[in-house]
Amino acid sequence: MSSATRAPETWIGPRLSAMMFLEFLVWGGWYVTVGNYMGAHGMTDAIPWAYSLCPIAAIISPFFLGMVADRFFATERVLSLMHLLGGVCLLAAPRFSGTAFILVLLLHTLFFMPTLGLTNTLAFHHLTNREKQFPLIRVFGTIGWIAAGILISAVLHGDTTAVQFYVAGGGALLLGFYSLTLPHTPPPAAGQKATFRDILGMDSLALLKQPAFAIFMVCSFLICIPLAFYYSYAPVFVKAIGFKDPAFNMSFGQMSEFFFMLVMPFFFARLGVKWMLGVGMLAWVARYGFFAAAAAANPHILWLVIAGIVLHGICYDFFFVTGQIYVDRVASVRIRGQAQGFLVLVTQGVGMLIGAQVAGLLVKANTVGAGTPAETVAWSSVWLIPCIAAGVILLIFLATFRESRRAPEGARAAA
């Protein structure tokens with residue numbers, strides 16, 4: 001084999017790492033700060049809808065993945081187009097307000113959310129040991145999110161300004177062009193006849209016949225309802241409780257995520273899927289407990305808030321990344337793209353959508369003097385509800401989940 005043939009394999013790690021860095025820089029560039037931006041521009045009541053957009057788009061993305069990415073076009077080309085279109089939407093978002101602002105942001109999320117599954121599919125296709133290699137690749141996504149928070153909040157002080165959309169939009173355009181340089185990743189179902197069943201991704205639903213997978217999906221859906229409280233209102237809470245540059249303080253969570261992503265292979269080998277997911281869920285219970293206790297104290301206990309933020313490494317890595325690896329393990333080669341899209345639909349789609357709306361209603365119910373200078377939120381009550389809910393779901397999961405060690409037919413054939 002010539003050196004020219006070996007070169008792409010030598011650089012595959014750095015190339016995929018750069019992809020993940022830009023992917024999450026784009027998302028982290030606006031997602032953390034948009035609530036405070038909307039509050040500063042008279043759109044406070046629409047915050048729950050802003051955090052419902054990604055879930056709505058996540059519900060649609062599996063259909064797109066099953067119809068296009070798995071069948072007709074190379075993954076890297078679809079990834080490029082999605083980011084170029086999404087970047088234009090982000091750059092245009094500050095020109096609008098109210099309903100128009102929400103609609104432009106929705107258009108961006110419709111382009112962006114399929115790329116979460118596409119980047120995973122592309123990376124898994126080119127890795128030889130997913131459990132060991134993928135966390136080391138995915139950690140650069142965490143670095144990208146941290147870089148966005150530091151740049152926008154600590155450097156540019158743009159938590160409430162349009163600069164967040166310009167940084168995120170510019171990053172999306174850059175990733176759009178960079179995607180064209182990524183290794184060729186052919187659609188796994190290329191050449192097969194497109195049926196209504198395929199377009200709707202029905203093949204991935206067959207995995208629900210496996211009891212362990214069905215329990216995993218149900219618990220993942222349920223836990224994402226209380227999880228949505230953090231993504232929707234933690235930045236607003238951090239600002240309200242007295243922190244300056246809230247996005248920068250929130251980035252401590254991604255810094256801890258960086259550490260736990262690096263040590264994931266060590267824990268994965270010793271804990272397995274069940275206890276990795278269980279520890280991840282337990283961290284959410286602890287986080288919301290810390291937030292509720294910090295808000296209830298007078299004066300507020302700020303170090304408890306930081307402790308809850310730092311738990312993000314366990315919350316995200318042990319739950320979401322482990323879930324992605326588990327789905328890739330149990331799905332056959334032919335439907336892995338659909339299966340990853342199905343996971344996105346259930347967790348970051350339906351679960352987060354319901355959670356964002358419930359969080360908005362709960363915050364509104366615990367707000368006194370809304371719209372006045374004396375407006376206050378009983379944050380302790382707000383965080384106590386998801387804390388209890390996450391705890392109940394954790395107990396159900398631990399009592400019912402039994403991981404199957406048997407590889408799917410497609411995976412064994414590929415091996």
Give every donor-acceptor pair under 3.5 Å between a side-chain atom in residues 166-177 and any protein atom, sequence neighbours left out.
none

Side-chain atoms of residues 242-250: list all donor-acceptor pairs with protein atoms under 3.5 Å, sequence neighbours left out, distances to 0.1 Å.
from, atom 1, to, atom 2, distance (Å)
Asp245, OD1, His157, ND1, 3.2
Asn249, ND2, Lys244, O, 2.6
Asn249, ND2, Asp245, O, 3.0

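Using cut-offs of 30° and 60° on the angle between ring planes, the pair Phe213 and Tyr326 is parallel. Using the six-membered ring where Trp is involved, Phe260 and Phe267 have ring planes that are tilted, between 30° and 60° apart.
Contact of the Ile102 side chain with the Met38 side chain is registered, since non-hydrogen atoms from C-beta on lie closer than 4.5 Å. Side-chain contact check for Trp145 versus Trp27: some heavy-atom pair is nearer than 4.5 Å. The shortest distance between side-chain heavy atoms of Phe342 and Met217 falls below 4.5 Å. Side-chain contact check for Cys219 versus Met281: some heavy-atom pair is nearer than 4.5 Å. The shortest distance between side-chain heavy atoms of Ile314 and Phe319 does not fall below 4.5 Å. Put simply, the side chain of Phe134 reaches to within 4.5 Å of the side chain of Val321, judged on heavy atoms. Residues Pro48 and Tyr233 are in side-chain contact: their nearest non-hydrogen atoms beyond the backbone lie under 4.5 Å apart. Between Trp30 and Ile152, every side-chain heavy-atom pair lies at or beyond the 4.5 Å cut-off.
Between Phe101 and Phe165, the ring center distance clears the sub-6.0 Å criterion. Taking the six-membered ring for Trp, Phe237 and Trp383 have ring centres closer than 6.0 Å.
Expressed to the nearest 0.5 Å, how far OH of Tyr31 lies from OH of Tyr231 amounts to 7.5 Å. With rounding to the nearest 0.5 Å, the separation of CD1 in Ile215 from CD in Gln210 is 11.5 Å. Atom CD1 of Ile301 is separated from atom CD1 of Ile306 by 13.5 Å, given to the nearest 0.5 angstrom. Ile396 CD1 to Thr400 OG1: the interatomic distance, rounded to the nearest 0.5 Å, is 7.5 Å. Taking CG from Leu353 and CD from Gln357, the interatomic distance works out to 6.0 Å, rounded to the nearest 0.5 Å. Here the NE2 atom belonging to His83 is positioned 8.5 Å from the NE2 atom belonging to His108, to the nearest 0.5 angstrom.
Of all the heavy atoms in Ile146 and Ser251, the pair that sits closest is CG1-O, 4.0 Å. Considering all non-hydrogen atoms of both residues, Cys54 and Thr109 come closest at SG-CG2, 3.8 Å. Taking each heavy atom of Ile59 and Leu345 in turn, the nearest pair found is O-CD1, 3.3 Å. Counting all heavy atoms, side chain and backbone alike, Met352 lies closest to Pro55 at CB-CG, 3.4 Å. Residue Arg287 comes nearest to Leu311 through the heavy atom pair N-CD1, 3.7 Å, listed as atom of the first residue, atom of the second, then distance. For Val363 against Val382, the heavy-atom pair with the smallest separation is CG2-CG1, 4.0 Å.
Put simply, the side chain of Tyr316 never gets that close to the backbone of Gly280: no donor and acceptor are under 3.5 Å apart. Under a 3.5 Å cut-off, the side chain of Glu257 and the backbone N or O of His312 do not form any donor-acceptor pair. The backbone N or O of Leu116 sits less than 3.5 Å from a side-chain atom of Thr119, completing a donor-acceptor pair. With Gln164 contributing its side chain and Asp159 its backbone, the two residues share a donor-acceptor pair below 3.5 Å. A distance-only check finds no donor-acceptor pair linking the side chain of Lys274 to the backbone of Arg402 [under 3.5 Å].
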Does the side-chain contact (heavy atoms from CB on, under 4.5 Å) test come out yes or no for Val238 and Phe291, once each step is laid out?
-> CA-CA 10 Å; Val238 168; Phe291 283 1; 5.7 Å; no

Assess whether side-chain contact (heavy atoms from CB on, under 4.5 Å) is satisfied between Ile385 and Val358, documenting all intermediate values.
-> CA-CA 11 Å; Ile385 299 299; Val358 171; over 6 Å; no

Check step by step if side-chain contact (heavy atoms from CB on, under 4.5 Å) holds for Val273 and Arg329.
-> CA-CA 11 Å; Val273 169; Arg329 173 189 289 179; 3.7 Å; yes

What's the verdict on ring pair (Phe, Tyr, Trp, His ring centres under 6.0 Å) for Phe397 and Phe216, showing C-alpha distance, side-chain angles and the deciding distance?
-> CA-CA 8 Å; Phe397 174 78; Phe216 162 73; 7.6 Å; no

Check step by step if side-chain contact (heavy atoms from CB on, under 4.5 Å) holds for Leu180 and Leu79.
-> CA-CA 8 Å; Leu180 296 175; Leu79 189 64; over 6 Å; no

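Counting non-hydrogen atoms of neighbouring residues, nucleotides and ligands closer than 6.0 angstrom, the CH2 atom of Trp49 reaches no more than 12 such neighbours. Counting heavy-atom neighbours within 6.0 Å of Phe318 CZ, excluding the residue itself, gives a total above 12.
Salt bridge status for Arg138 with Glu23: absent, with no side-chain N to carboxylate O gap under 4.0 Å.
Side-chain atoms of Thr185 and His126 form a donor-acceptor pair, as typed in the model, at a separation below 3.5 Å.
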